[in-house]
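Quick caveat: nothing in here was measured; it's all calculated off a predicted structure. In this chain, residues are counted from 1 in sequence order.
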Amino acid sequence: MNTESVAVAERFDYWAHEVSRIFGALESRPGGADRSAFHARAVGDSLGALRFAEIDAAPQTVRRIEPAPARDDGGHGGHYKVAVQIAGACLVEQDGVRGALGPGDIALCDTTRPYSFTYDRGFRTVLMLLPRALLPVRPELMRTITGRRLGADGGVAAVVGPFVRSLSRQSAACSEAAVTSLTDGAVSLVTALAWERLAARERPVPQNAMFTRIRAYIEARLAHPDLTPDAIAAAHGVSRRYLFKLFASEGLTVAGWIRCRRLEHCARELASPAAADQPISRVAARWGLLDGRHFSRLFKSVYGQTPRDYRRHSLAEGGAGTGWNRRR
């Protein structure tokens with residue numbers, strides 16, 4: 001999108017309409033009374049389940065007043081919006097918490113709840129929308145760090161910002177083989193960022209040998225449909241309650257972790273030409289998901305498309321996923 005393509009008097013209205021259409025039911029307000037001076041440009045792209053926008057624009061406020069309906073949110077069941085401030089300043093607010101961002105800073109917002117971004121002068125930012133279901137951290141824990149400034153002067157945030165910015169610019173050039181790995185990398189980095197900030201706000205997140213062994217055990221047995229909390233607990237000589245507490249201390253659930261890893265493996269196979277002749281039901285069953293209808297509903301809730309559509313678009317577009325048309 002580029003406001004230079006429309007008449008001066010119509011530029012802000014055009015911009016506000018397009019922003020609401022793409023991001024879903026957003027309210028925009030110019031930063032000054034003179035709308036004729038407004039200008040804005042945005043470039044969007046997709047990489048697997050991730051969506052990106054790099055925006056260069058005049059002062060404005062963007063607000064979501066009501067939670068995002070499923071139809072306005074790509075059917076993903078909501079996103080986490082990762083905002084990386086490149087130039088200018090921004091005041092982000094969610095749940096009554098405010099964070100003032102400067103160049104290099106990061107903020108996370110949950111699109112299922114009201115939020116706002118206020119830019120009091122010209123700015124440049126990169127936004128990444130990540131489906132909430134892909135992040136293996138409980139929403140109630142995420143709520144304690146959304147709407148806050150995550151300074152990029154050290155720690156994981158110093159890695160996340162440059163990675164998101166680079167991924168946004170290079171997503172169109174990424175090969176099919178790299179899409180799943182890069183998507184996993186983005187999810188892993190945002191997860192690491194969340195854990196780091198949660199640890200700083202509360203207490204250190206335990207990274208003990210038992211938890212590491214259990215995750216490795218789960219990963220090696222994802223194909224087994226009888227992979228249950230009881231089976232996992234019994235294999236490690238711990239109680240079901242202790243297993244749940246172990247995962248809860250990491251901001252996770254056992255079932256959520258298993259589901260997330262199974263779907264990621266299925267998505268990788270569906271996007272691969274090497275598995276193009278494999279029935280979708282066989283791909284799902286190979287990763288322990290035997291109920292075809294349940295798998296289809298679950299997959300669509302996370303990736304925004306049925307497994308069939310995801311495969312078709314991924315193969316047609318070289319594995320770059322679906323979403324915005326490329327405008328580079």
Item to check | Considering all heavy atoms, the nearest Arg197-Leu150 contact | outcome: NH1-CA, 3.6 Å
Item to check | Heavy-atom side-chain contact between Asp120 and Leu91 under 4.5 Å | outcome: no
Checklist entry - Step by step, would you call Val6 with Trp15 a side-chain contact (heavy atoms from CB on, under 4.5 Å)? => result CA-CA 10 Å; Val6 299; Trp15 174 258; over 6 Å; no
Next on the checklist: Can you tell whether the side chains of Asp230 and Arg240 come within less than 4.0 Å, N to carboxylate O?
Outcome noted: yes
Next on the checklist: Would a single hydrophobic cluster contain both Phe211 and Tyr242, if residues Ile, Leu, Val, Met, Phe, Trp and Tyr are joined by side-chain heavy-atom contacts under 4.5 Å?
Outcome noted: yes
Next on the checklist: Among residues at least two apart in sequence or on other chains, which ones pass side-chain contact (heavy atoms from CB on, under 4.5 Å) with Val97?
Outcome noted: Arg148
Checklist entry - What is the ring orientation for Phe117 with Tyr119, classed by angle as parallel under 30°, tilted 30 to 60°, or perpendicular over 60°? => result parallel
Next on the checklist: Hydrophobic clusters here meaning ILVMFWY residues chained together by side-chain heavy-atom distances under 4.5 Å, can you tell me if Tyr14 and Val8 are in one?
Outcome noted: no
Next on the checklist: Before you tell me yes or no, could you show the steps for Arg262 and His265 under side-chain hydrogen bond (donor to acceptor under 3.5 Å, both in side chains), namely the whole-Å CA-CA distance, both residues' side-chain angles and the distance that decides it to 0.1 Å?
Outcome noted: CA-CA 5 Å; Arg262 281 174 167 168; His265 281 286; over 6 Å; no
Checklist outcome for this item: Test side-chain contact (heavy atoms from CB on, under 4.5 Å), reference Val164, set Val84, Val190, Leu50, output is Val84
Next on the checklist: So, using ring pair (Phe, Tyr, Trp, His ring centres under 6.0 Å) as the criterion, who are the partners of Phe244 when residues are at least two apart?
Outcome noted: none
Item to check | Heavy-atom pair with the smallest gap, counting every atom of Ser301 and Leu298 | outcome: OG-O, 2.7 Å
Checklist outcome for this item: Heavy-atom closest pair (Asn2 atom, Ser5 atom, distance to 0.1 Å) is O-OG, 2.7 Å
Item to check | Basic-acidic side-chain contact under 4.0 Å: Arg113, Asp95 | outcome: yes
Item to check | Sidechain-backbone polar pair: Asp105 side chain, Gly102 backbone, donor-acceptor under 3.5 Å | outcome: yes
Next on the checklist: Quick one: does any side-chain atom of Glu196 pair with a main-chain N or O of Val156 as donor and acceptor, under 3.5 Å?
Outcome noted: yes
Next on the checklist: What I'd like to find out is whether the side chain of Cys90 reaches to under 4.5 Å of the side chain of Phe123, using heavy atoms alone.
Outcome noted: no
Item to check | Arg308, CZ atom: more than 12 neighbouring heavy atoms under 6.0 Å | outcome: no
Checklist entry - Are Arg11 and Glu4 ion-paired here, with the side-chain N under 4.0 Å from a carboxylate O? => result yes
Checklist entry - Closest approach of Ala42 and Ile55, non-hydrogen atoms and distance? => result CB-CG1, 3.9 Å
Checklist entry - Think Arg132 forms a cation-pi with Tyr80, using NZ or CZ under 6.0 Å from the six-ring centre and within 45 degrees of its axis? => result yes
Checklist entry - Taking everything shown except His17 itself, do over 12 heavy atoms lie less than 6.0 Å from its NE2? => result no
Item to check | Closest heavy-atom pair and its distance - Pro273, Leu315 | outcome: N-CD2, 3.7 Å
Checklist outcome for this item: Closest non-hydrogen atoms of Val159 and Pro162, given as atom of the first, atom of the second and distance, are O-CD, 3.5 Å
Checklist entry - Do the side chains of Gln278 and Glu269 get nearer than 4.5 Å, heavy atoms only? => result no
Checklist entry - Parallel, tilted or perpendicular for Phe299 and Tyr310, by the 30°/60° rule? => result perpendicular
Item to check | Residue pair His79, Leu130: steps toward the side-chain contact (heavy atoms from CB on, under 4.5 Å) verdict | outcome: CA-CA 5 Å; His79 291 84; Leu130 185 158; 5.8 Å; no
Next on the checklist: Salt bridge or not between Glu18 and Arg21? Use side-chain N to carboxylate O under 4.0 Å.
Outcome noted: yes
